[in-house]
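The next block holds one structure in the form of structure tokens; read it before the comments.
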Protein chains: 2
Amino acid sequence: MPAWNAYASACPTRMVLDRVADKWAVLVLGLLTDGPVRFNQLRRAIDGLSQKMLSQTLKSLERDGLVSRRAVATVPVTVEYSITPLGRTLAATVDALRVWAETHIEEVLTSQERYDAGRRDAVSV
Amino acid sequence: MPAWNAYASACPTRMVLDRVADKWAVLVLGLLTDGPVRFNQLRRAIDGLSQKMLSQTLKSLERDGLVSRRAVATVPVTVEYSITPLGRTLAATVDALRVWAETHIEEVLTSQERYDAGRRDAVSV
DNA sequence: TGCACCAGGTACCTATTCGAAACCACAGTA
DNA sequence: TACTGTGGTTTCGAATAGGTACCTGGTGCA
């Protein structure tokens with residue numbers, strides 16, 4: 001355990017941020033917490049998500065071991081995606097972020113309004 | 001409190017993710033937890049950060065009420081940036097994410113290696 | 001006089017990203 | 001025969017992010 005330094009470039013923790021930064025990834029991860037979902041089910045569930053981005057996102061998530069893919073030899077070959085235990089722990093952590101957002105969003109919005117309304121009074125030279 | 005739905009597009013919590021997605025923002029926020037820092041101090045502290053991105057990042061952070069800006073009328077006019085109480089709570093939450101990354105990074109890397117080494121055996125048709 | 005440093009702003013240019021859409025093979029249905 | 005739905009891949013083009021470089025403008029220093 002080399003005690004990763006987040007301030008060094010090329011830090012592995014940066015990768016986690018990149019994954020969380022991907023809005024589709026967190027949405028997919030969130031949907032999968034309730035159980036396995038098929039490809040086109042996901043596509044229809046998340047508005048604005050193209051099949052390209054979905055397959056790309058799922059590939060990344062699978063590569064990171066956050067979701068698992070299972071192809072079922074049904075009539076037209078359906079593919080089931082489910083969240084892994086590891087993915088579940090990340091989803092829980094991201095959820096903490098969601099809680100923060102819900103808790104403090106009003107403060108942030110208030111600050112933004114004050115800022116956008118020209119905070120000339122805030123200039124404390 | 002409308003119980004924000006993260007699955008609806010244009011959700012405010014999305015904004016929080018976008019902010020966390022900005023690697024420079026989290027790094028700046030992290031540096032400011034130790035105390036006020038000046039503009040060029042930040043720039044020198046974070047390798048690879050251009051002044052354009054720094055000023056852009058600081059502006060966003062200030063707009064969101066996460067950091068506060070204070071211009072000091074010293075010899076060549078220095079500007080001091082410090083973290084706000086609100087910013088500190090976000091930094092703490094993001095820190096949880098960092099902890100997750102440090103804890104599980106090896107699992108993720110292992111998974112990636114297995115994936116990249118051609119997981120033909122994983123095809124379970 | 002010329003250079004450097006402070007805190008940025010601005011213009012340009014490139015690389016990545018991402019959506020739209022076409023294409024794939026297969027099988028059931030009308 | 002033609003169309004639908006399954007799970008994707010590929011290509012194209014537009015938008016955006018972000019780095020480089022140059023600008024202000026005041027001041028101390030050589």
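Naming: A, B, ... by sequence-line order, numbering from 1 per chain.
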### Query
Should A:His104 and B:Leu90 be marked as a side-chain contact (heavy atoms from CB on, under 4.5 Å) after you check the CA-CA gap, both sets of side-chain angles, and the distance that decides it?
CA-CA 9 Å; A:His104 300 284; B:Leu90 178 58; over 6 Å; no

### Summary
Minimal heavy-atom distance between A:Thr84 and A:Val67, with the atoms involved, is CG2-C, 3.7 Å

### Pair A:Leu58-A:Leu42, side-chain contact (heavy atoms from CB on, under 4.5 Å): steps then yes or no
CA-CA 10 Å; A:Leu58 286 170; A:Leu42 284 170; 4.1 Å; yes

### Message
For the backbone of B:Leu49 and the side chain of B:Arg43, can you confirm whether one donor and one acceptor N or O come within less than 3.5 Å of each other?
### Response
no

### Task
Quickly work out the A:Asp47 CG to C:dC18 P distance and round it to whole Å.
17 Å

### Query
What is the minimum heavy-atom distance between B:Phe39 and B:Gln51, and which atoms define it?
CZ-O, 3.9 Å

### Query
Given atom CD1 of A:Ile46 and atom C1' of C:dG19, what is their separation to the nearest angstrom?
16 Å

### Query
Rounded to whole angstrom units, what separation is found between the CG atom of B:Leu49 and the P atom of D:dG19?
8 Å

### A:Trp24 side-chain N/O to C:dG19 phosphate OP1/OP2 under 4.0 Å
yes

#### Entry: B:Arg19 and B:Asp22 ion-paired at < 4.0 Å
no

### Task
Have a look at B:Ser50 and say if it touches a base, only the backbone sugar-phosphate, or nothing, with a 4.0 Å heavy-atom cut-off.
base

### Summary
Students should find that the end-to-end axis angle of the helix from C:dT1-D:dA30 to C:dA30-D:dT1, with five pairs defining each axis and rounding to 10 degrees, is 30°

### Query
Could you state the CG-P distance from A:Leu27 to C:dC18, rounded to the nearest angstrom?
13 Å

### Query
Taking all atoms of both residues into account, what is the closest heavy-atom pair of B:Ala91 and B:Ile83, and its distance?
CB-CD1, 4.3 Å

### Task
Would you kindly give the NZ-to-C1' distance between B:Lys23 and D:dG18, to the nearest whole Å?
10 Å

### Task
Report the distance from atom CG of B:Asp22 to atom C1' of D:dG19, rounded to the nearest whole Å.
15 Å

### Task
Using atom CG of B:Asp18 as one end and atom C1' of C:dT17 as the other, report the distance to the nearest whole Å.
14 Å

### Query
What closest approach, in Å, do A:Arg98 and A:Asp95 show between heavy atoms, and which atom pair accounts for it?
NE-OD1, 2.7 Å

### Task
Consider only side-chain heavy atoms of I, L, V, M, F, W and Y, link residues closer than 4.5 Å, and tell whether A:Val16 and B:Leu109 are in one cluster.
yes

### Message
Return a single string for nucleotides 4-13 of chain D, one symbol per nucleotide in 5' to 3' order, where B is base contact, S is sugar-phosphate-only contact and - is none, cutoff 4.0 angstrom on heavy atoms.
### Response
--BSSB-B--

